[in-house]
There are 2 protein chains.
Amino acid sequence: MSIGDDDSDLLSGSDRLTGRQLAKELGISQSTISRAFSDGATISPKMRAKVLEAARKFGYQPNVIARSLSTHRSGIVGIVVANMTNPFYASILQPLARRLQQLGLQTLLTSIPSGQQIDAQLHLLLQYNVDAIVIMTGTVSQEMARRWTDTGRAALLFSYSIPGIDLISVVCDNEAGGRDVARLLLQNGHKRPAFVGRSPDAATTHARAEGFEAELAEAGVPLFGRVDGEYTYEGGYAAALELGRSRPDSIFFAHDIMALGGMDALRYGLGLRVPEDISVVGFDNIPQGAWPTYQLTTFAQPVDQMVEAAVRLLNRRNPDEPAPASSVLPGALVQRNSVQNRTVR
Amino acid sequence: MSIGDDDSDLLSGSDRLTGRQLAKELGISQSTISRAFSDGATISPKMRAKVLEAARKFGYQPNVIARSLSTHRSGIVGIVVANMTNPFYASILQPLARRLQQLGLQTLLTSIPSGQQIDAQLHLLLQYNVDAIVIMTGTVSQEMARRWTDTGRAALLFSYSIPGIDLISVVCDNEAGGRDVARLLLQNGHKRPAFVGRSPDAATTHARAEGFEAELAEAGVPLFGRVDGEYTYEGGYAAALELGRSRPDSIFFAHDIMALGGMDALRYGLGLRVPEDISVVGFDNIPQGAWPTYQLTTFAQPVDQMVEAAVRLLNRRNPDEPAPASSVLPGALVQRNSVQNRTVR
DNA sequence: ATGCATATTGCATCCGGATGCAATGTTAGG
DNA sequence: CCTAACATTGCATCCGGATGCAATATGCAT
């Protein structure tokens, strides 16, 4: 073998080594180099070892772009988010990106105005040959959804779903969550429960609201009031201000971030005590809810399991495996200190 | 012209139209198609219009990957972050991504464990031909920095810098910020000011600490105490717990998120009142600091201007423009209600 | 109208790997 | 030892655009 030991600094140049150069160096063909780096290619173990060894030595790595050009894959997962200021999304992005990186997948992040149509973004991501997308917000046209799945790429709705569009999704059981919250309030003797945060286009909050109201109805307790609003601290603040005046004895906010704004509105805007005067329950379980000022009782989305499920669905290497189904994961009530027992004993 | 009007649905197939196909359709060469889409290429305005019109009609768009293969550019900006749970980073990511998208640049997000060496990530981003990087955390080897700049791509440290590494950065004037905070505390009659959050490897917090201590020294007020800690809510909580026992009359936290944790520790852990018993000042100006429970007085980084500056530096199309310099932008004190006047009148 | 400079367009080839098919090498059965 | 069957490797070509250079077209001055 004629390879010197001292030329391993070939990689230090700004232009990298190509497969053909390495091939010439080894006296073999470029195809063989290529095969050494492709799983399941027809190459003898001996030859592969030799190539990989030389590649390591010379600092050769296949050019991702060139590979992508012919394979139509990229090792990139597109992610569509809005509202990274909502800590819930931030807390998903982090572990999701990390898990994907562990699998050798990069994340192309597309940030959009909340709740919009995202066909244009998907189109764009398609141009970059992303292998899959995780969508956390927005609506998609049926045609775009079809076009996407036609390419054999996975598309995954994370923590929500779009009515009438058959893309797989990973969600927690929102309706059950709503019911659990209702049951908690009922058990603690609440008679005037209100709801905040339903939005016309978000099936997620619908399910939360429906579970909540259904359970109340079954107990014969009417919903005392409802206000909608943006999924922000400010939205929750405004809604609570509006709703609080009519004195419900408890408010269920469809998102923790709204619940925090709501609690502050109740306390600082209306001078009420939480939970003594009014109970508050949230949904999501963001870190801030655990802060001592809030001690928010909430329904926790099982973020870790959801990320795991997402990664599993995205990582399906060969497109001919059975089409995966949406998964609905169970969440759990996290009881802290924003609900007070109002039963008369 | 033989183009029908009804075949504009060519784009609906999962495989897109190539430039050569479009060229054949128009009876021209593929080169001309390519030139029609490249700024500054030699092509007559008339021909370009004709091509673009046909492209629109047939739904042709140049393949980004193929283009990237020969140009070595990608229209992607890599972003390296840690700690998206720190709202400060989340609040940067959002506008930054949006501004870049407006310029037709996508963002490839790389999330790493906080404060580590990120050579491997940069190497990876290089493989994807990213046009530039924005680094928000971590250290880079001198060799990697050189290798990166040798490729003619911009690299930008956002909101921090790495000692000994000459990559341009966009930061606010941290030292001035530290001084301003010190002056504020002094003006309000504080005699026992403490500092929390300096970290050995973060020049940013060093500068904040130095400005703070320098200004105190000039006024003849000794630093009452100092505790370091992680840049998290919990880190601030723990530090305040430790420091609070010795009763400083004020604490300057190097990061708002630590200040919030600190305030909670002082209030709920030690039973102190803020600002009556002890004043607290933060740095960054995250949204949560404005919440009524905290009303945190803080030094605000000029995030919008910093993002603008970053975008301007990244958007330098031709690499032969004068090498841009780092920019240091002025921040400003945001006075809310976590500092009390302790002057005896 | 003629000649030369300049503007456009086409041709051929490159970017770096992936892959179908043919050629060669290897192993096993007879 | 011979040949069928399979395992490896190389060859040629493709993925879809970009671009240097030659060829052609246009414009201008004389």
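To find a chain, count down the sequence lines: A is the first, B the second, and so on, and within it residues start at 1.
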### Query
Q30(A) CD to dC15(C) P: how many Å, rounded?
12 Å
### Message
Can you identify which nucleotide, out of dG17(D), dG17(C), dT9(D), has its nearest atom closest to the R35(A) side chain?
### Response
dT9(D)
### Message
What I want to check is whether the side chains of R20(B) and T18(B) have a donor and an acceptor closer together than 3.5 Å.
### Response
no
### Message
Need one value for I43(B): base, sugar-phosphate or nothing, where a base atom within 4.0 Å counts as base even if backbone is also close, heavy atoms only.
### Response
sugar-phosphate
## Note on the structure
Whole-Å distance, K46(A) NZ to dG25(C) P, equals 15 Å
### Message
With a 4.5 Å cut-off on side-chain heavy atoms, are M47(B) and R35(B) touching?
### Response
no
### Task
Pick base, sugar-phosphate or nothing for S34(A), based on heavy-atom distances below 4.0 Å to the nucleic acid.
base
### Message
Over all strands shown, is Q21(A) touching base, sugar-phosphate only, or nothing at heavy-atom distances under 4.0 angstrom?
### Response
nothing
### Task
Can you tell me the distance, in whole Å, between the CZ atom of R20(A) and the P atom of dC14(D)?
14 Å
### Task
Examine dT9(D): is either OP1 or OP2 under 4.0 Å from a nitrogen or oxygen in the side chain of S44(A)? Give yes or no.
yes
### Task
For this output row, return yes or no: ring centroids of Y128(B) and Y128(A) closer than 6.0 angstrom.
no
### Summary
Note: I79(B) and M136(B) closest approach over all heavy atoms is CG2-CE, 3.9 Å
#### Entry: Residue L69(B), side-chain heavy atoms: nucleotide from dG10(D), dC15(C), dG17(D) that is nearest
dC15(C)
### Query
Which whole-number value in Å describes the distance from R73(B) CZ to dT19(D) P?
11 Å
### Message
At less than 3.5 Å, do the side-chain atoms of S31(A) and the base atoms of dT19(C) form a donor-acceptor pair?
### Response
yes
### Query
What is the distance, rounded to the nearest whole Å, between atom CD1 of I33(B) and atom C1' of dC11(C)?
15 Å
### Task
Evaluate side chain to side chain contact (heavy atoms under 4.5 Å, CB included) for Q121(B) paired with I133(B), printing each intermediate quantity in order.
CA-CA 11 Å; Q121(B) 275 73 23; I133(B) 34 171; over 6 Å; no
### Query
To the nearest Å, how far apart are D39(A) CG and dG17(C) P?
17 Å
### Task
Please state whether the phosphate of dG10(C), meaning OP1 or OP2, lies under 4.0 angstrom from any side-chain nitrogen or oxygen of S29(B).
yes
### Task
Could you tell me the separation between the CG atom of L126(A) and the P atom of dG16(D), rounded to a whole number of Å?
13 Å
### Message
Under 4.0 Å, heavy atoms only, any strand: does T42(A) hit a base, just the sugar-phosphate, or nothing?
### Response
base
### Message
Measuring from the side chain of H72(B) (C-beta onward, heavy atoms only), which nucleotide among dG10(C), dC15(C), dG17(D) has the closest atom?
### Response
dC15(C)
### Task
Mind checking Q127(B) for me? I need base, sugar-phosphate or nothing, with any heavy atom below 4.0 Å counting as a touch.
nothing
#### Entry: Candidates dG16(D), dG17(C), dT9(D) - which lies nearest the side chain of A66(A)
dG17(C)
### Query
Does a side-chain N or O from T32(A) land closer than 4.0 Å to OP1 or OP2 of dG10(D), or not?
yes
### Task
Would you kindly give the CZ-to-C1' distance between F37(A) and dG16(C), to the nearest whole Å?
13 Å
### Task
Would you kindly compare T18(B) and I28(A) by the position of their nearest DNA chain D nucleotide and give the one closer to the 5′ end?
I28(A)
### Message
Any side-chain N or O of R67(B) below 4.0 angstrom from OP1/OP2 of dA18(D)?
### Response
yes
### Task
With sequence neighbours left out, write down each residue that passes ring pair (Phe, Tyr, Trp, His ring centres under 6.0 Å) with Y160(B), or none if nothing qualifies.
none
